[in-house]
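A quick write-up on the structure given underneath.
Scope of the values below: all heavy atoms of this structure, side chains included, with no hydrogens, waters or symmetry mates. Sequence lines set the chain letters: A, B, ... in the order given, protein chains first and strands last, and positions in each chain run from 1.
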Amino acid sequence: MWTWFHKLGSPKWFYDISGRWLPWLVACMAVCLVVGVIWSLLFVPQDYQQGLTNRIFYVHVPVASISLAFFPLMAIAGTVSLVWKMKLADVVVKVAAPLGAWFTALALASGSIWGIDTWGTFWVWDARLTSLLLQFFLLIGMISLRSALEDTDAAAKACALLSIVGTINMVVIKYSVLWWDVLHQPPTNFTVDNSQPNGPEIWIPLVIMFLGVYLFFVISLILSVRNEILRRERRAQWVSELAAQ
Amino acid sequence: MDQTTSATSKQSPAQNQAVLLQASELFCERDDRVLFSGLNFSVSRGQVLQIKGGNGTGKTTLLRMLCGLNQDFEGTLYWQGQDMAEQEEAFHSALLYIGHRVGVNKVLTPLENLRWTCRLQREVSDEQLMSALAGVGLRGFEDSQCHALSAGQQQRVALARLLLSQATLWVLDEPFTTLDVDGVALLENLLQQHAARGGAVLVTTHHNLQIPGLEVLTLG
Amino acid sequence: MIQFENFQDFIAMGGYAANVWSVYAMFAVFLAFNLLWPLRKKKQLMREIKRRQIVNEQAHKQAEPETPVMQPLEPLADAASPAGDKS
Amino acid sequence: MANAHTSTFSAFKATLKRDLLIAYKRKNDVVNPFMFFLIVASLFPIGVSPEPERLSLIAAGVLWISALLAALLAMDNLYRADYEDGSLEQLLLSPHPLFFMVLAKNIAHWLVSGLPVVLVSPLIAYMLSLPDGSYHVLFLSLLLGTPVFSLLGSIGVALTVGLGSRGLILAMITLPMSVPVLIAGTLAVQQTQNGASLLGFLAIMGAMLLFALTLAPLASAAALRISVN
């Protein structure tokens, strides 16, 4: 197993492997997304309470749950980059922050639009939305630290450290916001998502959408990682050959 | 660009007690420019090693690497025969480093500055501090704030640490730049005394040192 | 199985057209941007690498002398030079 | 010959004394956060509404947010002077574990910038017509909360010590991290007004303080080693 792990360290190896896998991933993603969107838009029955807005559910839930994965991803990549000094891991930390910000922003937007008719206003300081907002701020902090420290080894270590500290904080924030929400919220124990019985015709398209969005996350991450590898290895021999083609 | 100088062997850390700090196969790159590679040298007791080289050849980077302030390099460092990684505390208690920025707080007085930097390594009484300050020619300035002192005087506040320190290895980065003539003589004398008492000195300067038994390592 | 009789119904989305379609529009922008922007950046990166390659090759061909030549300083306009020329 | 260097505790005391001495000599490091806290807290009655009923609702939140902003303002020069004159390098090269040196600096920084804010908070609370029962609650919760602000802030400062202008980045790194303490503090004051037990909230804040006290200096030390190279 170790050779695979060390091979992963060489950017060129990753560039070639990802080059071969990309077409397949894109194809699977396209299939999942098309099927998921059509199924959720056309065939999912009306929800007796929310009417047709449950369609938003099929975008919000996958995006929001994957956005939660960004900080752990950055923390793990950060630890690998700090401990084993693997350049590729630092590239992942650098690239994951903007993508995470995009995911969290869409989760925030779709979450608040989805809540419009249940809460009547565009923005409600609900526990989930508030912790998504704080996660967005932390990601912006990561991006600004990275851009402030240009691109040296020190920047790599600093961002790796911040991603680890950020992840611990994200967990503490999540539970303290939940606690804050419970104490402030008059106990209506009305949670938006699992209010109606979920038959299979509800959650199958959700799983397909989730898979599609997950594949999209992987593809977008790989594309950005490849760009960053090219930028960092621009003086390498194999990159100039690639550019010559 | 690769230099191999001074006598000791390359790989195995020398076992005899004299060798204090040994560097083997040092390689350092700064934004795609190789500062030095395959650099091997060692500093033993009683030795004053001057590191020479033009501007930008990595003298300061080399010193900061040796002290552990900077970890971006390949190659291994040995302290008294053992790998530096395990010798962290022993090395730091035997090290005295004065960099370009001499570590003198502008708001505090020389006495307060000296008391803190010395207290990090050993207990010193106020009399010792006062005599050290007098020893480097700062008599009468002990209680004025350092921003009122000239750059040369601030450098002397840092040099006062040499009088008090029990550290075996002195690492000094361009210590002569702001000193006047008798300051230079004072410092050269201190270096010789330290080498004589079994310590070692690593110094970078463009000043040609009048020290017997001086060894030179040229970079770049 | 299909929840809508005709196309207008589908667009109206039971009165929630604004909500549902705005979310899906944002979703589309989100997908499109994060897939196309890296590709565009890659092309731009490749072009730049190729351009630098060419520049480097030319630079190697006619390498200037290493050490800069010491140009003498021009005499100061207002200073009366010791040689006493009437400038 | 093994160098008998001083015990870590005496180096800790020396660093603490030195930092307090620097703060004593540079008065505005002490006055600025304190005045900032007063000014920000007194802006709210002007901005929101002077009536006591409305003010007493927001008093706890206003005081806590002003304390957080004052701590953020004071954090900026935590390591800067030492970084610029080279003392930070001496700290890194000392034989003692950097954890205690950083802890000493954080404690000195809190004593200079956090404690005055805590001491003056009951007076400002009175001006913001805080309900009567919760003065001691506010004082105790601030006493436990503001150290966590400077401990967490010191991580952000250590990460950005090498940068020139870093005010904004510092805020973006530190403010989200201090949300849990802000929540615990404001809830402590508000909930004890309608009967919740004070001890429960103090226990939570104490736990947060210990969590920060043990982990934050570790992260700050690692960050300093990264930034000073």
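- In this structure, chain A has a heavy atom under 4.5 Å from the side chain of Arg52(C), while its backbone stays farther away.
- When the candidates Val37(A), Val59(A), Val26(A), Val213(A) are compared by the number of heavy-atom contacts under 4.5 Å with chain C, Val59(A) comes out ahead.
- Remark: Leu133(A) pairs with Leu108(A), Trp123(A), Trp125(A), Phe137(A) by the side-chain contact (heavy atoms from CB on, under 4.5 Å) rule, at least two apart or across chains.
- What you find for Val92(A) and Ala77(A) is that their closest heavy atoms are CG1-CB, 3.9 Å.
- Only the side chain of Leu45(C) comes within contact range of chain A, with at least one heavy atom under 4.5 Å from a heavy atom of that chain.
- Contacts of Leu33(A) with chain C are made by side-chain atoms alone, with heavy-atom separations under 4.5 Å and no backbone atom involved.
- Of the listed residues His60(A), Arg226(A), Arg234(A), Met29(A), the one with more heavy-atom pairs under 4.5 angstrom with chain C than any other is Arg234(A).
- Looking only at heavy-atom pairs under 4.5 Å with chain C, the residue among Ile113(A), Val63(A), Asn227(A) that has the most is Asn227(A).
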Could you give the side-chain donor-acceptor pairs of residues 18-28 of chain C under 3.5 Å, partners two or more places apart or in another chain?
{"unit_1": "Trp21(C)", "atom_1": "NE1", "unit_2": "Ile11(C)", "atom_2": "O", "d": "3.0"}
{"unit_1": "Ser22(C)", "atom_1": "OG", "unit_2": "Ala18(C)", "atom_2": "O", "d": "2.9"}
{"unit_1": "Ser22(C)", "atom_1": "OG", "unit_2": "Asn19(C)", "atom_2": "O", "d": "2.7"}
{"unit_1": "Tyr24(C)", "atom_1": "OH", "unit_2": "Ser40(A)", "atom_2": "OG", "d": "3.3"}
{"unit_1": "Tyr24(C)", "atom_1": "OH", "unit_2": "Arg55(A)", "atom_2": "O", "d": "3.4"}

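- Taking 4.0 Å as the cut-off between side-chain N and carboxylate O, Asp90(A) and Lys94(A) do not count as a salt-bridged pair.
- Rounding to the nearest 0.5 Å places CG of Leu134(A) at 11.5 Å from OG1 of Thr104(A).
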